[in-house]
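Report on one structure; see the data block that follows.
In this chain, residues are counted from 1 in sequence order. Note that ligands are numbered from 1 as they come in the structure, with each ligand's atoms numbered from 1 the same way.
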Amino acid sequence: MASSLLHFSAPFRTLQPPPPLPKPPRIPLHVSRFPRPLIHKSLAFSTGFRAAPGSGRFCLRAKASMAGKGNGKVEVFDSEEDLSVSLAKYTADLADKFSKEKGSFTVVLSGGSLIKSLRKLVEPPYVDAVDWSTWHVFWVDERVVPKDHVDSNYKLAFDGFLSKVPVLPGKVYAINDALPAEGAADDYETCLKHLVKSNVLSVSAATGFPKFDLMLLGMGPDGHVASLFPGHPLVKENEKWVTFIKDSPKPPPERITFTFPVINSSANIALVVCGAGKAGPVHAALGSGQNSDPLPVQMVSPEGELVWFLDKDAASKL
Ligand SMILES: O=C1O[C@H](COP(=O)(O)O)[C@@H](O)[C@H](O)[C@H]1O
């Protein structure tokens, strides 16, 4: 295990530390509590958070909130830009809450478009206000390719996010890319078990699976989440924590992925979906119809809180 953990952090050794910047006053981050009762599918637009002029903070132009079909809160934004502003605050607030409660924040990233939508977190005020030293970073799925490969979810996150913030290299848990898919999945599951033993990761009292503080999930146009694809038997895996796929319908074919019991044991999940090309599965999950064969995205149902972050194109069929 120790060797894997060392291996995980290796790519960070080449990083040059960013030049020291004058530290601005620490901005208090508050945990967002969503208003209850939720606004039901009226799509009534409300003015979002507005900051004092010159405060360096931001203004959401307009957003709609509504309740999801099952558990969950749905936030609809005018644009992906507005969504990314709100996603940064949501993530920073949760990081602050968990860091204050237990001294650590366990966060799980997806690949794909999610990473671009996290861009506001690496800008002021968050880049300076967040206590990055408490962060432990994981991947909900990873392609079985070298970490410097263009298809690597690690590389995507490193280039777009992790290289821009002082998360501690030893707390970034990439897969062991020297192993084939099955070995990489086993190795990652072993790593998670080690982190449970050392109390970095908690376990759900209800399910016995690891309970991450926050999972930031994307969704593909076919309704897949992580590397759990529609109609694939892996969506039914209910024992393993981490498993592998060698016939992914989306290239590259070999990947490892968290299973639904792990995903659904999370304390918080943000489902971040943008673009008209994803409006169909969003409608399947949040619209009024029923379907007998649920898409993977419809199987996301955490123990804790689920928040959908949608731009208006992704919400266009609701
Ligand atoms: O292959 C993958 O796709 C999904 C969705 O990606 P997106 O670019 O359509 O947002 C992503 O969440 C997953 O992590 C990734 O491996």
Side-chain angles (χ1 to χ4, degrees), residues 77 79-81 83-84 87 91 107-119 121 137-162 172-175 177 181 184-185 188 212 214-232 234-235 237 241-260 262-264 266 268-285 295-300 302 306-316:
F77 297 89
S79 63
E80 192 274 342
E81 176 76 8
L83 178 153
S84 68
L87 184 64
T91 305
V107 59
V108 180
L109 303 177
S110 302
S113 52
L114 171 85
I115 297 300
K116 188 175 164 229
S117 294
L118 283 177
R119 65 190 176 279
L121 255 185
V137 180
F138 302 84
W139 276 264
V140 74
D141 73 321
E142 178 57 290
R143 290 88 178 271
V144 182
V145 293
K147 281 200 274 291
D148 58 358
H149 191 281
V150 68
D151 285 335
S152 161
N153 283 344
Y154 168 86
K155 176 174 164 49
L156 182 73
F158 183 78
D159 292 347
F161 176 40
L162 296 171
V172 174
Y173 306 95
I175 70 165
D177 61 356
Y188 209 86
F212 292 90
L214 172 62
M215 282 200 192
L216 294 162
L217 297 184
M219 182 197 79
D222 58 354
H224 84 268
V225 292
S227 285
L228 299 163
F229 290 89
H232 197 281
L234 278 191
V235 297
E237 172 60 54
W241 295 11
V242 185
T243 189
F244 66 98
I245 179 170
K246 288 191 161 184
D247 56 356
S248 163
K250 176 179 175 181
E254 301 205 1
R255 295 147 172 256
I256 74 165
T257 181
F258 283 6
T259 59
F260 270 119
V262 174
I263 292 172
N264 286 334
S266 301
N268 294 275
I269 292 183
L271 252 167
V272 182
V273 186
C274 292
K278 296 178 178 177
V282 168
H283 179 257
L295 294 169
V297 71
Q298 295 176 267
M299 298 169 71
V300 176
L306 170 61
V307 184
W308 291 74
F309 287 80
L310 305 175
D311 74 350
K312 67 171 190 282
D313 293 337
S316 57

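Numbered from 1 in the order shown, with element, the atoms of ligand 1 that lie under 4.0 Å from a heavy atom of Gly112 read 6 (O), 7 (P), 8 (O). Within ligand 1, the atoms closer than 4.0 Å to a non-hydrogen atom of Ser110 are 12 (O), 14 (O), numbered from 1 in the order shown. Residue Lys278 has at least one heavy-atom neighbour below 4.0 Å for each of these atoms of ligand 1: 7 (P), 9 (O), 10 (O).
For Phe229, the ring-ring contact (aromatic ring centres under 6.0 Å, His included) criterion is met by His224, not counting sequence neighbours.
Not a single heavy atom of Glu142 sits less than 4.0 Å from an atom of ligand 1.
The protein heavy atom nearest to atom 15 (C) of ligand 1 is Asp141 OD2, 3.5 Å. For atom 1 (O) of ligand 1, the closest non-hydrogen atom of the protein is Arg143 NH2, 2.9 Å.
For the pairing with Lys155, the side-chain hydrogen bond (donor to acceptor under 3.5 Å, both in side chains) check across Asn153, Asp159, Asp151 returns one residue only, Asp159.
Between Ser113, Pro221, Gly218, Gly220, it is Ser113 that holds the heavy atom closest to atom 10 (O) of ligand 1. Heavy-atom proximity to atom 6 (O) of ligand 1, evaluated over His224, Arg255, Lys250, is greatest for Lys250.
Atoms CG and OG, on Leu118 and Ser113 in that order, are 10.0 Å from each other to the nearest 0.5 Å. Atom CD1 in Ile175 sits 10.0 Å away from atom CH2 in Trp139 (nearest 0.5 Å).
No donor-acceptor pair under 3.5 Å is formed between the side chain of Glu142 and the backbone N or O of Ile256. Panel note: side chain Tyr173, backbone Tyr188; no donor-acceptor pair is recorded below 3.5 Å.
Looking at ligand 1, you'll find an N or O of Gly111 within less than 3.5 Å of one of its N or O atoms.
Contacts between Leu217 and ligand 1, counted as non-hydrogen atom pairs separated by less than 4.0 Å, are absent for every part of the residue.
A ring-centre distance under 6.0 Å is found for Phe212 and Phe258.
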